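None of the values given here were measured: they were computed from a predicted structure. Below, read A as the first sequence line, B as the second, and so on, with proteins coming before strands; counting in each chain starts at 1.
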2 protein chains.
Amino acid sequence: MPGSCTSRVIRMEDLDRKIVALLAGDGRMSFTDLGKATGLSTSAVHQRVKRLEQRGVILGYAALIDHTALDLPLSALISIRPIDPSQPDDSPERLREVPEIESCYSVAGDSSYILIVRVASPGALENLLAVIRARANVSTTTTIVLSTPYEHRPPALT
Amino acid sequence: MPGSCTSRVIRMEDLDRKIVALLAGDGRMSFTDLGKATGLSTSAVHQRVKRLEQRGVILGYAALIDHTALDLPLSALISIRPIDPSQPDDSPERLREVPEIESCYSVAGDSSYILIVRVASPGALENLLAVIRARANVSTTTTIVLSTPYEHRPPALT
DNA sequence: AATGAAATAGTGCGATA
DNA sequence: TATCGCACTATTTCATT
């Protein structure tokens, strides 16, 4: 039956994409269950996942946490702009050791970076802003997060 | 030795915080290793993690993905504002089924929500903006992410 | 709540097609 | 790259403290 094979077989690329999407949705899924979901043997899945980790497609695994439970109930987005645009902008490196900063995005537009931060209180945010301004020599614009309808949703499996 | 006990023993609350922080940093860490890191038996860690999951402290587990590998190389932050402020604002519900939206934050300030989205191309972003505006009856301001120095860093263990 | 023991299940690796 | 087999390790439950 010429042709019937290629129509049934899932291409390798798609298998990797499916594995990645499954793990993005459930980071603790076992290789055995991934195998059942993809039609591969446990070993084959194991091999592919390790390769995806090595190639940097899978960057790591994380538990998603309710930050209020960790005494970090206040989230904010902070836009930063260099005070002296003639200086080289190495803000991400200067701010890397600040543990309250969860994410740092380099952006087009009015600001150079947008940070997502998690702190315990308005007072802690005030202190954090002072630290950021001092360490990176930037001005800041802060947007307080009032609530989080949803976040960190996995990419669609298609 | 009165007093020596309380100074050595880690309070239960702190044990849970430590487990949560460890899993936030490595979502696939085994109960055995968590036990070694906390000084608890595997069973005790297991019991605590299940309880943390049930109480919603641990919301889930996710593989962290290089989105370029999933053909979603373009990230953006989209601020949205209702066009008709007299209408009830249920934008998060109206946008929940849009798979490109990774996160939705309700914020104080000029806009009502800020979305983080992942798309394949500028064209896909254009389409997505049309979908968002139509579904939620909002105007949008889009900030393109040029690069991501870091994101999704776990909270500090302290 | 924590422990240790025991049954079940998953991981990781080497041989092999 | 896939599969199978096997030794090793982890998960999960339960009786006990």
Open item on the list: Does Glu126(B) have more than 12 heavy atoms from other residues, nucleotides or ligands lying within 6.0 Å of its CD?
Closed with: no
Open item on the list: In whole Å, I'd like the distance from the CD atom of Gln47(A) to the P atom of dG5(D).
Closed with: 17 Å
Open item on the list: Is there a salt bridge (charged side-chain N to carboxylate O under 4.0 Å, His left out) between Asp16(A) and Arg55(A)? Walk through the geometry before answering.
Closed with: CA-CA 12 Å; Asp16(A) 281 339; Arg55(A) 289 197 303 207; 3.7 Å; yes
TODO: Can you tell me the distance, in whole Å, between the CG atom of Leu15(A) and the C1' atom of dT1(D)?
DONE: 11 Å
TODO: Report yes or no: is the cationic atom of Arg28(B) (NZ for Lys, CZ for Arg) closer than 6.0 Å to the six-membered ring centre of Phe31(A), at no more than 45° off its axis?
DONE: yes
- [ ] Send over the distance from Asp14(B) CG to dA1(C) P, rounded to a whole Å.
- [x] 14 Å
Task: Sugar-phosphate or base contact per nucleotide [nucleotides 10-17 of chain D; S, B, -; heavy atom under 4.0 Å] - done: SBBB----
Task: Nucleotide dT3(C), atom P - distance to CG of Leu34(B) in whole Å - done: 14 Å
Task: Atom-pair distance (OH on Tyr61(A); C1' on dT11(C)), nearest Å - done: 13 Å
- [ ] Tell me, yes or no, whether the heavy-atom count around Asp84(A) atom CG, taken from other residues, nucleotides or ligands under 6.0 Å, exceeds 12.
- [x] yes
Task: Side chain of Arg51(B) (C-beta onward), nearest among dT1(D), dT3(C), dA1(C) - done: dA1(C)
Task: Smallest separation among heavy atoms of Asp66(A) and Gly56(B), with atom names - done: CB-O, 3.5 Å
- [ ] Whole angstrom is fine here: how far is it from CG in Leu52(A) over to C1' in dT1(D)?
- [x] 14 Å
Task: Test item: Tyr61(A) and Leu23(B) side chains (from C-beta on) under 4.5 Å apart, heavy atoms - done: no
